[in-house]
Amino acid sequence: MKNKLTMKDIALMANVTKSTVSRYFNGGYVKESTKTTIKEIVEKYGYEPNTFARLKAKKSNMIGIVTPCLDSAETSKLLMYLDETLQKYNYSSLIVNTNHSLENELFQISHLSRLNLDAIIVIATSSGKKYIDTIKNLDIPILFIGQKTDGYNCIINDNKNSAKKLCKYLKSLNYQEAVVLSVSEEDEAIGITRKNEILNELRKSNIKTTEYITSFKKDEVYKAIKKIIKENLKKVFICSTTIQIYALYKIAKEFNINIPDDISVCGYGARSYFDIVTPTITCIHFDTKKAGIIAGENIISLINKKNIEKETIISYSFNIGTSTKENKNETFSNNR
């Protein structure tokens, strides 16, 4: 059957994409287990690729990037530094937006895997376990940003230590009650890890907590917070996202609620504007620039088959603004 097989036939037998077979013949990145499978098929049938097929199989110097949005200042900044880093290594980016849809995210990963790309980077929005079926047969490097996926390389924020830092500060201000604004547990990093770290630290400090869940969409966040803000005066609001912080500021202005006298506000994000709004925002900032640069360098290392750490943790800074203040009201003070 020599030369009667096609690359498509081999791909079907090996349960991989045609581009994976092309990379195999071109010496590109292919998992060892897949290499073995393709080699066995090639040897069994005596297949030899033609010259044209080899030319098509060359590296594309293109990397696919899946992002949940394009309207976030932090995500845009991450993409900018990521793309700049890739360009230094003569790579170009193919960016696709999923609008915070997990279904679309999984579809786009699958779609990109069928193109002649050298790697895929996913700014992930959900639990790593939900990606496994989509990526387990992927034969190009994949890197996750924002979420952990067991067995795969990832870049994640230091939610544990940042939560300790923020809650320790709130304890020093004598707060007794806190409202924790989180997101769906589908987003494991924010909706589970970050939320649980915050709740655990607040409980250690004997600060009473009330939890509310919002989405990532501006209009939905605004409506959700508008319903709860008046019921939670004289409390500190801890926001898990930038959108939650800005929604609180907007609603407080509409209802003539004073920050920080009527409510206090703090949380994660708001990096671009924390110091130019009034009052300035007490918030945790993760080093987005560093994350973008490391992501670019890590994916290049993976393409070149170099070993890197499975998990890279991004550091944070803590900015104390005037959106929080010491709680001196006897009704709400902590007299321990």
Side-chain angles (χ1 to χ4, degrees), residues 65-80 82 95-109 121-131 134 144-149 154-159 162-163 166 179-199 210-229 232 237-252 265-274 277 281 283-288 291-292 295 314 316:
I65 302 175
V66 181
T67 179
C69 62
L70 294 171
D71 58 354
S72 161
E74 290 304 293
T75 300
S76 296
K77 188 174 182 180
L78 188 150
L79 288 170
M80 180 181 72
L82 171 54
I95 301 173
V96 292
N97 170 43
T98 64
N99 196 27
H100 289 285
S101 166
L102 175 61
E103 181 180 352
N104 192 19
E105 197 168 305
L106 295 174
F107 170 80
Q108 294 298 343
I109 294 171
I121 297 173
V122 183
I123 304 175
T125 62
S126 187
S127 165
K129 300 180 184 65
K130 298 185 179 186
Y131 297 91
T134 301
F144 289 93
I145 301 176
Q147 305 280 349
K148 289 180 64 174
T149 301
C154 61
I155 297 173
I156 57 176
N157 291 325
D158 189 356
N159 284 308
S162 61
L166 177 59
V179 175
V180 178
L181 298 178
S182 189
V183 298
S184 167
E185 291 188 353
E186 190 171 80
D187 186 318
E188 186 172 314
I190 299 178
I192 297 178
T193 304
R194 181 177 297 176
K195 178 189 71 176
N196 288 344
E197 293 293 345
I198 291 171
L199 292 175
T210 307
E211 177 191 344
Y212 295 93
I213 304 298
T214 77
S215 73
F216 284 94
K217 296 181 179 179
K218 181 174 65 176
D219 292 342
E220 293 176 2
V221 173
Y222 174 82
K223 289 178 182 178
I225 294 177
K226 195 172 183 179
K227 290 180 179 180
I228 67 173
I229 190 169
N232 291 282
F237 282 73
I238 304 174
C239 302
S240 297
T241 67
T242 298
I243 294 175
Q244 292 170 348
I245 292 174
Y246 291 149
L248 267 172
Y249 267 60
K250 178 178 173 60
I251 295 164
V265 179
C266 63
Y268 287 76
R271 183 183 182 91
S272 300
Y273 307 106
F274 81 98
V277 298
I281 305 167
C283 53
I284 296 287
H285 297 160
F286 291 108
D287 195 337
T288 308
I314 298 301
Y316 67 92

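We're numbering straight along the sequence, starting at 1. Because only heavy atoms are used, hydrogens play no part in the values below, and waters and symmetry mates are left out as well, while side chains stay in.
Here the side chains of Ser215 and Val183 are not in contact, with every heavy-atom distance at 4.5 Å or above. Looking only at side-chain heavy atoms (C-beta outward), Cys239 and Leu248 come within less than 4.5 Å of each other. With a 4.5 Å cut-off on side-chain heavy atoms, Tyr268 and Ile190 do not count as touching. Using a 4.5 Å cut-off on side-chain heavy atoms (C-beta onward), Cys266 and Ile238 make contact. Proximity of Ile281 to Tyr246: side-chain heavy atoms (C-beta onward) are separated by under 4.5 Å at one or more points. Between Asn157 and Ile284 there is no side-chain heavy-atom pair separated by less than 4.5 Å.
Using modelled atom types and a 3.5 Å distance limit, the side chains of Gln108 and Asn97 yield no donor-acceptor pair. A donor-acceptor contact under 3.5 angstrom links the side chains of Gln244 and Thr214, judged on distance only.
Among residues two or more places apart in sequence or in another chain, the salt bridge (charged side-chain N to carboxylate O under 4.0 Å, His left out) test is passed with Glu220 by none. For Lys250, the salt bridge (charged side-chain N to carboxylate O under 4.0 Å, His left out) partners are Glu254, not counting sequence neighbours. Every residue meeting the side chain to side chain contact (heavy atoms under 4.5 Å, CB included) condition with Ser126, not counting sequence neighbours, appears here in chain and number order: Leu102, Lys130, Tyr131, Glu186. When the side chain to side chain contact (heavy atoms under 4.5 Å, CB included) test is applied to Ile213, the partners found at least two apart in sequence or on another chain are Ser182, Glu211. Legend: residues meeting side chain to side chain contact (heavy atoms under 4.5 Å, CB included) with Thr75, ordered by chain and number and at least two apart, are Thr67, Cys69, Ser72, Leu79, Ile123. Looking at residues two or more places apart in sequence or on another chain, you find a ring pair (Phe, Tyr, Trp, His ring centres under 6.0 Å) between Phe216 and His100.
The structure places CD1 of Ile225 at 9.5 Å from CD1 of Ile243, a figure rounded to the nearest 0.5 Å. In this structure, CD on Glu197 lies 8.0 Å from OG on Ser162, to the nearest 0.5 angstrom. Atom CG of Leu78 is separated from atom CZ of Phe286 by 13.0 Å, given to the nearest 0.5 angstrom. If you take CD1 on Ile145 and CD1 on Ile65, they are separated by 7.5 Å, rounding to the nearest 0.5 Å. Separating the CG atom in Asn159 from the NZ atom in Lys195 is a distance of 13.0 Å, to the nearest 0.5 Å. Atoms CG and OG1, on Leu106 and Thr134 in that order, are 4.5 Å from each other to the nearest 0.5 Å.
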Report task. Go through the steps to decide whether Thr125 and Glu105 satisfy the test side-chain hydrogen bond (donor to acceptor under 3.5 Å, both in side chains), and finish with yes or no. Result -> CA-CA 8 Å; Thr125 62; Glu105 197 168 305; 2.8 Å; yes
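Panel note: side chain Thr210, backbone Val179; no donor-acceptor pair is recorded below 3.5 Å. Between the side chain of Glu185 and the backbone N or O of Ile192, no donor-acceptor pair lies under 3.5 Å.
In terms of heavy-atom proximity, Gly269 sits nearest to Cys283 at O-SG, 3.5 Å.
When each of Ile155, Leu82, Val66 is checked for a side chain to side chain contact (heavy atoms under 4.5 Å, CB included) with Ile121, only Leu82 meets the rule.
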